[in-house]
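This one's a predicted model, so the numbers in the text were calculated from it and none came from an experiment.
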Amino acid sequence: MTQAINLGFPRIGIRRELKQAVEAYWRGDADASALQMQAKALRHRHWQLQHAAGADIVPCNDFSLYDHVLDTAFLFDAIPQRYCALADADPLQGYFAMARGLQQDGVDLPALEMTKWFDTNYHYLVPELEAGQAFRLRGDKPVAEFLEARDAGARARPVLLGPVSFLLLSKSIDGSDRLDLLPALVAAYAELLGRLADAGADWVQIDEPCLVLDQDGDDHAAYRDAYAALADVKRPKLLLATYFGAIGDNLALVASLPVDGLHVDLVRVPQQLDEVLAAIPATWTLSLGLVDGRNVWRTDLDRALALARRAHAARGGERLQVAPSCSLLHAPIDATLEHQLPADVLRWLAFARQKIEELRILADALDGMVSAQGSLEVARERIASRRASKKVHRDDVAARLASVEGADSARPSPYTVRRTQQRARFKLPAYPTTTIGSFPQTREVREARAAFRSGKRSQAEYDAFLAAETEACVRAQEALDIDVLVHGEFERNDMVEYFGEQLDGFAFTKNGWVQSYGSRCVKPPIIYGDVARPAPMTVRWSQYAQSLTPRPMKGMLTGPVTVLQWSFVRDDQPRERTCRQIALALRDEVLDLEAAGIGIIQIDEPALREGLPLRRADWKAYLDWAVDSFRITQSGVRDDTQIHTHMCYSEFNDIIEAVAAMDADVISIETSRSRMELLDAFVRFRYPNGIGPGVYDIHSPRVPDQGEMTELLHKARDVLEAGQIWVNPDCGLKTRGWKETRAALVAMVAAAKALRSDTPA
Ligand code: GLN
Ligand code: ZN
């Protein structure tokens, strides 16, 4: 019998119960046992839900109070010195201190660094390791959760992050080689596996997602050594799980490891099935990742079945499992709760629960059960209706896309020509000052929006409120003597949602939360159809703000790559095509802003870098279409219209050529946290256009003084031309209060002015 097995379930709860519970604990409104009780209730509910949806085996130890990589570090006692005393005295406090830092009673513990989990929007905490690091089991979370599942009547398979991926995802704080720690770490894994076997676990899912990355000879040796060391210990059988991409050139290595089974992602890479079938031992169990674990669409079950049947024909049904492509951590929980969605769109969606139902159908169909036929028929009908929908496929959008020509992604003149015209038009001083767009989203602003959305405030009242906020913001910037102003973005809740709500082809869920990190969840829009812009989106507020001041008012848009990256996207056409559709819609907005007299327009692309594919070999193709999409958005304007872009990250070195190819007249970037290290990129590569290296970190309430900013600007001047440099904070100010914002901007403007007086313009 083919088994339907899940690899991981969202932890947060359909109503974000886990978020409420941990935040109550952090605030001191609930104690540890209340938190643990809520966590336990969620685990039970989720196991039950998965079995009810048709899973034969459910995952356990996939649950986490904050992050599963942090759990792994904690479990093996990879706890940096600074947290040890606390972790010994109160493990839960120690755990959360690693996650979030702790500032209390004179203690000041910075948190572990956080970074993106592969190419998802989930963020994990980066374990800190050092030479000679000892590992031991601290607590027994995986065993306890396995026993808990069993007691709850669930048939559970524990999930562990594998030792090699754990080390590769960690960072060494002393420059030592993380992989040197492997023998010590593997010994602790061996002990854990023994305990799981004693507890009655027959299988363990051991995740080695790094096997889909570019791995070198040392990495390969590490996998070989790790699994050789685990080959002969007392342990459950090991299902090695890979996901998020192709095993590719790591396949021969994988097939040589002494494990008992393999999970492969056949959603991202269906074409890897045949080589996997050819490579792996006949005795292994093969888990087929057939249902997309990180998107929201119903699976084309016929297509999935065709793949599964190939595996079935090659190996028989005995050791075959059907599974999602990866953990369902990245999907919302239940689509049936989204009644407010258009009925057709709703029928096309599958969240975690529906995905498990699909696995059941696949397993039954594979086993030839007649009962599966009816379900397949319904599924077929849903896929067909999506394929035929005029809401999804619009002739006007297709025609527009087909008509795009090379000239549409190039400004009429090169930057040097544009620069001359823009200088003549705007007459800005040297080291012009500006901000990144948003000003403080105070409680008042958020309350006004909530009141408007719930109908407690009329449109007219809300508009009057926004107008007053915008005017106050303009006056504040004038008083600060900032050169290029912004309207403040008070009308925006979120930089993607605000645009999605005004574009065709987007839908929004009520409960479609996915975990971003810790207790923070996001509700990404769903792009279900061809994207078009029925009417201008931002012109009104930009135009109003410009009418208040003689200074240039910067129009503010979110760029096509960022809109794409922070949404659930269509799986029925390449990402590239969706991105170009968004780019064309935004191009019209740029042109409307220009026609309305807005001379400077910023197109934010903070997510450009995070869209990079996992394998280097795929970077160029991505960067080509991502950069081209940005260029389509910006290129319709006149030479004397100035296009800005903004990116908030500092790892810049490896994509600087692509960033330059975007050909924005001015780019603002994060540099303050990295103390301008990123400017190294500009030593190697002469970035030609204007550039605003962020001179202070807006992520902290700390107000830097003028001296610090001057010092950073001097560093910038060492590697850039004085005439290139803009002066701005490193990101939008929406999370800050007015008091610290004002103080920081006073210092920033003073730093710019001081620089002007010692440099000829
Ligand atoms: N314009 C946006 C803002 O200022 C940019 C936000 C971002 O970079 N993430 O809020
Ligand atoms: Zn930013």
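- The backbone N or O of V143 sits nowhere less than 3.5 Å from a side-chain atom of N61 that would complete a donor-acceptor pair.
- By the neighbour-count criterion of 12 heavy atoms within 6.0 Å, atom NZ of K523 is densely surrounded, having more than that number from other residues, nucleotides or ligands.
- Checked by atom type, the side-chain pair N728/S668 shows no donor-acceptor distance below 3.5 Å.
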Yes or no on salt bridge (charged side-chain N to carboxylate O under 4.0 Å, His left out) for D265 and R294, after CA distance, side-chain angles and deciding distance?
CA-CA 11 Å; D265 182 342; R294 37 188 298 190; over 6 Å; no

For R82 and D108, run salt bridge (charged side-chain N to carboxylate O under 4.0 Å, His left out): C-alpha distance rounded to whole Å, both residues' side-chain angles, the deciding distance at 0.1 Å, then the answer.
CA-CA 10 Å; R82 62 181 182 280; D108 187 0; over 6 Å; no

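- Using a cutoff of 4.0 Å between basic side-chain nitrogens and carboxylate oxygens, D67 and R11 are not scored as salt-bridged.
- Checking E128 against Y83 by side-chain atom types alone, no donor-acceptor pair falls below 3.5 Å.
- Contact check on R195 versus D140 returns no salt bridge, with no Lys/Arg side-chain nitrogen under 4.0 Å from an Asp/Glu carboxylate oxygen.
- For H330 and Y243, the gap between ring centers reaches or exceeds 6.0 Å.
- Note on E148 versus K141: no salt bridge recorded, every NZ/NE/NH1/NH2 to OD/OE distance being 4.0 Å or above.
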Test salt bridge (charged side-chain N to carboxylate O under 4.0 Å, His left out) on D654 and R684; report intermediate values, then the result.
CA-CA 11 Å; D654 47 10; R684 180 176 70 78; over 6 Å; no

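- Every residue meeting the side-chain contact (heavy atoms from CB on, under 4.5 Å) condition with Q565, not counting sequence neighbours, appears here in chain and number order: R575, A607, E610.
- Within a 6.0 Å radius of CZ in R615, more than 12 heavy atoms belonging to other residues, nucleotides or ligands are found.
- Checked against a 6.0 Å centroid threshold, the rings of Y122 and H68 count as neighbours.
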